[in-house]
Every structure is written in C-alpha cells, then in structure tokens.
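What follows is a set of notes on a single structure, which appears directly below.
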Amino acid sequence: MEKTNTTTSGFISQLPKNIFSGFVVSLIALPLGLGLALASEAPPISGIIAAVAGGIIVSIFGGSNVTITGPGNGLVVVLLGAITTLANGDVFQGYLFTLAAIICSGALMIIIGQLRLGILSDYFPSSAIQGMLAAIGISVFAKQFHVMLANTSIKGDTISLLASIPDSILVLFNPEYRAVAIAALVGIISFLIMVFYGKIRNKYFQLVPAPMWIVLLAIGLSYYYEIFSSQPYPIDTSLLVQMPDDVFSNFPSPDFSLLFDLKFISVVLAITLISSIESLLSIKAVDKLDTVKRRSNVNKDLTALGIASIVSGFIGGLNVVTVIARSSVNVNNGGTNRTSNFFHSIFLILFVVLFQDQLRRIPLTALAAILVYTGYKLAAPRNLKDVAKIGKEQLLIFFATIIATITTNLITGILIGILATIIIHFILNKSVMFFARNLFKPNVLMFKEEINGNYFVSVKNFSNFMNYSQLKRRLDTIPETQDAIIDFSLCDFVDYTVQESLIGYQETFKRKGGSFEITGLDIHGTSSEHPLAVRSLIPFSKKIKISATSNFTKRQVDLQHIASNFSWQYDPKKNIDISSVQDFVFFKTKKINYINNSIYDTQSIFKISDIEFSEGEFIARTLVRTTVLTINLKVEIPKFTLDKEGLLEFVYKFAGFKDINIQGHPDFSKRFYLLGEHPEQIRSFFKDELVLFFESNPYYHIECNGIYLLVMRKERLASIKEIKALLDYGTRLEKVISSIQSNEIVLKSPKIKS
C-alpha cells in the first residue's frame, strides 16, 4: 500500500513538468503535422489527427515511457505515392483509398506486436537502413523544395524533381513571378530560421522551437497586412493552409474497394514496413535518452501504434509512428512518463479549436521549408562521410539502397540493400557455403561462471544481421546490473550491424551499474580504420595497419589507458616470440601461436598479455585465447604449481603428483592444491604471510618456473575489469614475495634441478 501511495505521489509531483513538456512538443508537432500532411497531398488536418490519436491511445496502451507519437517523415514518400496513384490521379479518392491502407497497416502492426515480432528490425543491416532514410530525405527535399519557392505545379518522380530545381530558382528572377515572390521569400526565410536556429544561444529565444517561430512570424505577417498595411495580403489563398470550417464533422470514410488489389496490398506492406522500422529505431534511440534508464516494451508499443493508426485512419488521419525528434524534445524539456505524450495531444486539440483562423493564415511555403530542412538532415553529406569511414563496402550498400529506393519504391529499395549486404559478405569471406553451413546452427554459447558470477557469451563461426537475433535473445536475458563478457575469439566474421548494436548494450549496462565487455575482435582484419568496421579472420583487409590506433577495439583502447595510467608500455601487435611463457608447465603440451595486446612496465617485472594456443591435433584440435600475467621475480625460488582443489587434484594425482600440505595452515591445504618436485623447499618458501595472502584473495592458477610467476584465471580472454583485478593481484603478490627475507628466498646450493 505504501509503494502504491509513493508511486501516486511521484506521478502527481511529476505532472507539472510533463504538462509543460507536452506543451513544448505540441509547438513542434503542430507545424510538422500540417507540413507532413501537405507533403503527402493529404488534407492538412490529417497530420494533426494522427498526432492526437497517437498521443492519446499510445500513452494509454503503449510500452514506452518518454516517446512522442504522430505522423512520421519516413511515410511521406509512401503516402504521397499512394494518394496520387491508387485512384489514377484523383487525389481525394486516392486519399480515401490510402486511409483504408492505413487501417489495414494498423491491423498488421497489431499482429506484429502480439506475435512479438519486434525483433524483426534486427534483420535489417544498418547501412541499408541509413540508405533508406537518406533516400526518403532526398525525396522529401526534392518535392518540398519547389513548394518552398511557391511553385506547386511541378510534379514527377524524385529524379525529375531534383533536375527541375534550377528551373524553380530561375523563375524567382522572372518579373511575371512577382505575384508569388513574397510567398517564396517567406519560404526562404523560414528555411534560414531552421538552419541558424541552433546557432542563436539566447535562452529566451530558445524557449520557442524553430518550427513555431516560423508559424508565429508567418501568421504575424498576415496580421500586419490586415491591420497596418493599406496593401492587400500578397500571398494567394491557394498558397495558404486549407482547413475545413468544422474540423470535427464530416470525417471522410475510408474506401476498402481495392482491398485485394495488388497495388493496394503493396501500399499496405510499405506503410507497415516503414512504420515499424521508423518506430523501432526511434524507440531504441529514445531509450538511450531516458534519464531513468528504462527499457521500452517494443512489442507492446507496436500494438498500441497499430490501434492508434486504425483509429486515425477511420477519422481521416495519417498513420501513427514513434518520432525521434519530438521525443528528444520531450526528454530535453523534462518529460518523464507517457502523460507528456497525452498532453501534447490535448494541446493540439486546443490549438485547432481555438486558433482555426490563425492556422489558415500559414503559408504552405513556410511549412515546406521545415520539411526541406528535415529532408536535408536525413540525406546530409555528413551522413555519407560517416558511412564511408566505416568501410567502402558499407558505402556500396548505402548507395545501392538509395538508388533502388529512388528509382523503384521503399520495399524494393530495402530488399536491394539487404541483398547487396549479403553478396558483399559472401565476397569478403570468399565463400557462400561458409554462411550456408552455419546460418541455422547455434552460434552462441552462454553460461554464468561460478567463481565471480560473470555472464560469459561466446560467439562462433560468423555474426551478422542475419543471425544477430540469436545473440540478442541471450543478451536480453542478462540483468543489466551484472557483468557480461562477449567473446568473438572463435568468430570468423563480425559485421558492422552487430557491432553497432552491441554499443547500445554497453551504454545500457554502464548506466545500470553493470559492465558489458567485448573481447576477441582485435585479432581480426578490418575493412577500414573505423572501430566498428567489418572484421574478419581472412586476409581481405591486411592493408589496414594493426598499429593504427583509430582501428583499436574498445578493449584495446582501454588497455592503452591502463598502460598510460601506470606509465607502462602497450604493444597491440602479434608477437611470435613465446620464450617468456613456453617454460611453464601449463603450456608444455600446448602449441602457442602468438602473444599480443601486451602491457609491461619499464623495469620488465610485470607483463600482461593475450595468448593464443591450440590443444590436440586434427579433428580434436581446439583453439583457445587467454590472458595471463607474468612476473619476473629477479631471484630464483622453488618451482611450484598452485591451484584450487577440485578436478585438477584428481588429474595430478592420476599423473603421480602429490599435494603438498603446509604445516599450521589446514584451511590452505584444504582449499588449494600445491605441487612441485621439491616439497621441502616449497614448504620453506610458503611463509605465513604468503599463505595468508593466498587465503584472503580470489583464486588464480599460479605457476613458477624458478624465476617467473605465471598468473591466470580462466582459459579465455579477460575483460578490462578482470585485467585490472589481475594486475592488482599480481603487484600485491610481488610485494609479498619481495618482503620475505632475501636469505629465505635466494636458494642456496644445491640449486633446484628442473
């Protein structure tokens, strides 16, 4: 009961800032809703209806916390194509058909949500999605640029619209065009406001979002001509927002007569595809912004979005999606729960009811300017540059998706992007059969380690967007407050999409108090110097220098920081000189391939390294990578092996070795297995302080070959957290050994025989 009261009081205390945040978001949603509807050739009010329906329904039934819903940028191209083609050019009838398609799409989204198919978004390669978004941006830009310049007569596909841009600009200088020059000027000024808004640092100016400044100035211009000027308002009525006299009456009736038409079905599928992708990407992005660090239930949200789209379609609105820009504004203005989405809808209703006359004064050119800027941001040259940095193959996928989307449609475009990604992966690995053999095999092994409770996940064979869901399912079961280690040592190929997705897990675990470390990627070749570049064990990328710090994995960067903090050296390169470890008993029956990622001090006492070795031969051959610490004691001490009691004891006894007990320390003798060829000298060396050190610290496998100590825990790569613990353990152990009287450490004749 107390918890319920606390929750209720917390909800009430947060209500004022959620109301304020909802109000600020509504200032952006109003012009965007009008603009997106106009860009789709739909009635302006349809965009507002979508925002209102989404805000109310998703805030009640949704599974996210701080997201805002409404019409989305990604659907403009699909809706425009549907409205203008489904009825063979009859825009109003096409709008009625499109409403029916929106309702059917909503039903499909409900099914997707109920079947928990939100995971399907992970089957789309990142570069193909980026290419699809860029293509949408180009299409929106191409269409709305002409409207921004008050030229609403130009029609055609994206390529022809882009080619016609110079003509629309030249028309501005035609004397006969002066009748609409002011409308074009309003559009240009509006665009400049969008561009330079972020550069104005005045806190009072920033209280009003850029789109609302455009609306206020445009409406103010209308009132200036009406009240203060003797000249008539120079912007023609055809270039102003058209609103019905009674917004809440005469809702259009969706037309389902094309229900089984292939063209209609393709529109439904396109709307569903883009709505799902845009919403899922936005939800994931907004979860990272949530100050309370909550994770959304994406399947529940998809169901709610489907319900909202059905309601919106029946009352004449566009489809409803989760939108990233408005959601970001919500978080930045203090929104903490779904009520901000609800209140943003309430404010939109109030705006429409109270300010219908003012909305009719907004020039279409001003709204088009907002969309031109939005389109530019989606397809900005900087995005192209960012993709190129990841790798040339990502650039090919990016361009293949853009070209296919612009020249055909969104569904074909994303399918071409997926196909291009698969073909490039085949080429990089020089084998189609490699993927065919391993695609449906379990490639992820996860278990919780007994010693420290870490969750260890080993990924084998290959990991790309096609089988990433297998890895994701296991990662989602790990509590974010725990420590997880994801090892790719046995994985031949890791693509960009997987690595990008894992970055999100790292950030989430860090926020929740856990750790999420990725190991094993530093042995792979890369397609570029970008840290998220495609990584493969085959030599397709040997041109990339292993020493290029820009190409370091996060683990390597962290290792470099550890070395720097101790004023030590870090060497990432593979080294085939194995003399420092080959004399230890542990490696006697193993073939060491190389040592890399070494951290060592200037006095050559401590050295932490990753070691790759193999056990067995032929079909029984196993490849292992582990992390070890070696300590140069500078003096000779007895050779010994120390490990935890257990299976190792049985193995050693079977091989003829006997456990050495230390007199006066029964607990030590019970917990540890100690062996060596000279028991008396070993007992003499294990003084009280050394025994107490081992008893009061975590278990490690320790060997001494006379001069060097080998310290390790598991036959796998250590995480950064484990490396820090290993380093701390080793330095303290060295101090304990050094503190023992030198006459008790240095061996007197006869020397210990090996």
Side-chain angles (χ1 to χ4, degrees), residues 122 124-135 379-403 416-431 434-435 459 461-468 471 486-489 491-507 517-561 570-574 596-597 610:
D122 297 317
F124 295 99
S126 293
S127 294
I129 291 177
Q130 290 171 324
M132 181 194 72
L133 295 175
R382 187 187 69 180
N383 299 340
L384 175 65
K385 185 178 179 181
D386 291 342
V387 172
K389 285 181 180 178
I390 300 168
K392 294 179 180 178
E393 79 288 342
Q394 303 302 318
L395 202 58
L396 289 174
I397 298 167
F398 183 76
F399 275 122
T401 308
I402 290 178
I403 294 171
I416 292 295
I418 293 172
L419 181 61
T421 306
I422 293 173
I423 292 174
I424 287 174
H425 286 182
F426 287 163
I427 294 173
L428 292 179
N429 285 275
K430 302 178 180 179
S431 173
F434 171 67
F435 283 93
V459 187
N461 302 321
F462 78 95
S463 183
N464 72 349
F465 71 96
M466 291 187 291
N467 65 354
Y468 170 66
L471 173 59
I486 319 303
D487 183 53
F488 287 94
S489 299
C491 195
D492 293 349
F493 180 84
V494 187
D495 80 345
Y496 161 58
T497 303
V498 172
Q499 295 182 71
E500 183 187 48
S501 299
L502 294 181
I503 294 297
Y505 280 97
Q506 286 184 323
E507 295 172 352
E517 296 197 29
I518 302 170
T519 63
L521 286 177
D522 44 71
I523 61 173
H524 296 72
T526 59
S527 59
S528 75
E529 294 187 357
H530 193 278
L532 299 182
V534 169
R535 293 179 179 267
S536 175
L537 290 179
I538 66 171
F540 77 86
S541 55
K542 294 302 183 183
K543 294 181 181 179
I544 301 301
K545 297 179 180 178
I546 190 66
S547 60
T549 56
S550 60
N551 191 238
F552 279 179
T553 63
K554 185 180 184 302
R555 182 173 182 268
Q556 287 179 304
V557 172
D558 290 337
L559 288 173
Q560 194 175 40
H561 287 162
Y570 171 58
D571 183 10
K573 296 190 295 294
K574 293 181 180 179
N596 71 326
N597 289 326
D610 292 339

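Side-chain contact between Lys554 and Ile518: absent, with no pair of heavy atoms (C-beta onward) separated by less than 4.5 Å. No side-chain heavy atom of Asn383 sits under 4.5 Å from any side-chain heavy atom of Gln130. Contact of the Glu517 side chain with the Asp558 side chain is not registered, since no non-hydrogen atoms from C-beta on lie closer than 4.5 Å. Residues Leu537 and Ile523 are in side-chain contact: their nearest non-hydrogen atoms beyond the backbone lie under 4.5 Å apart.
Closest approach of Ser528 and Ile390 over heavy atoms only: OG-O, 2.5 Å. Residues Thr497 and Phe124 come closest through the heavy atom pair CG2-O, 4.0 Å. Heavy-atom minimum distance, Ser126 versus Tyr496: CB-CE2, 3.5 Å. Among all heavy-atom pairs drawn from Gln499 and Leu532, the shortest one is NE2-O, 3.5 Å. Smallest separation of non-hydrogen atoms from Thr421 and Pro125: OG1-CG, 3.4 Å. Lys574 and Asn596 get closest at one heavy-atom pair: CA-CB, 3.9 Å.
Of the possible donor and acceptor atoms, one in the side chain of Asp495 sits under 3.5 Å from a partner among the backbone N and O of Phe465. Within the 3.5 Å criterion, the main-chain N or O of Thr553 finds a donor-acceptor partner in the side chain of Gln556. Asn467 contributes a side-chain N or O that, together with a main-chain N or O of Phe462, makes up a donor-acceptor pair within less than 3.5 Å.
A distance of 11.0 Å separates OG of Ser127 from CG of Asp386, quoted to the nearest 0.5 Å. Between the CG atom of Asp492 and the CG atom of Asn461 there is a distance of 6.5 Å, given to the nearest 0.5 Å. Here Ile397 contributes atom CD1 and Leu419 contributes atom CG; the two are 10.5 Å apart, rounded to the nearest 0.5 Å. Atom CD1 in Ile129 sits 8.5 Å away from atom CD1 in Ile418 (nearest 0.5 Å). Taken from CD in Glu529 to CZ in Phe552, the straight-line distance is 11.0 Å, to the nearest 0.5 Å. Taking CG from Leu395 and NZ from Lys389, the interatomic distance works out to 13.0 Å, rounded to the nearest 0.5 Å.
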Practice problem: Verify side-chain contact (heavy atoms from CB on, under 4.5 Å) between Leu428 and Ser536, making sure each step is shown before the conclusion. | Solution: CA-CA 8 Å; Leu428 292 179; Ser536 175; 6.0 Å; no
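When each of Thr526, Val494, Asp487, Leu502 is paired with Leu521, the side chain to side chain contact (heavy atoms under 4.5 Å, CB included) condition holds for Val494 and for no other.
A donor-acceptor contact closer than 3.5 angstrom is absent between the side chains of Asn429 and Ser431.
Below 30°, between 30° and 60°, or above 60°: for Phe435 and His425 the angle between ring planes is below 30°, a parallel geometry.
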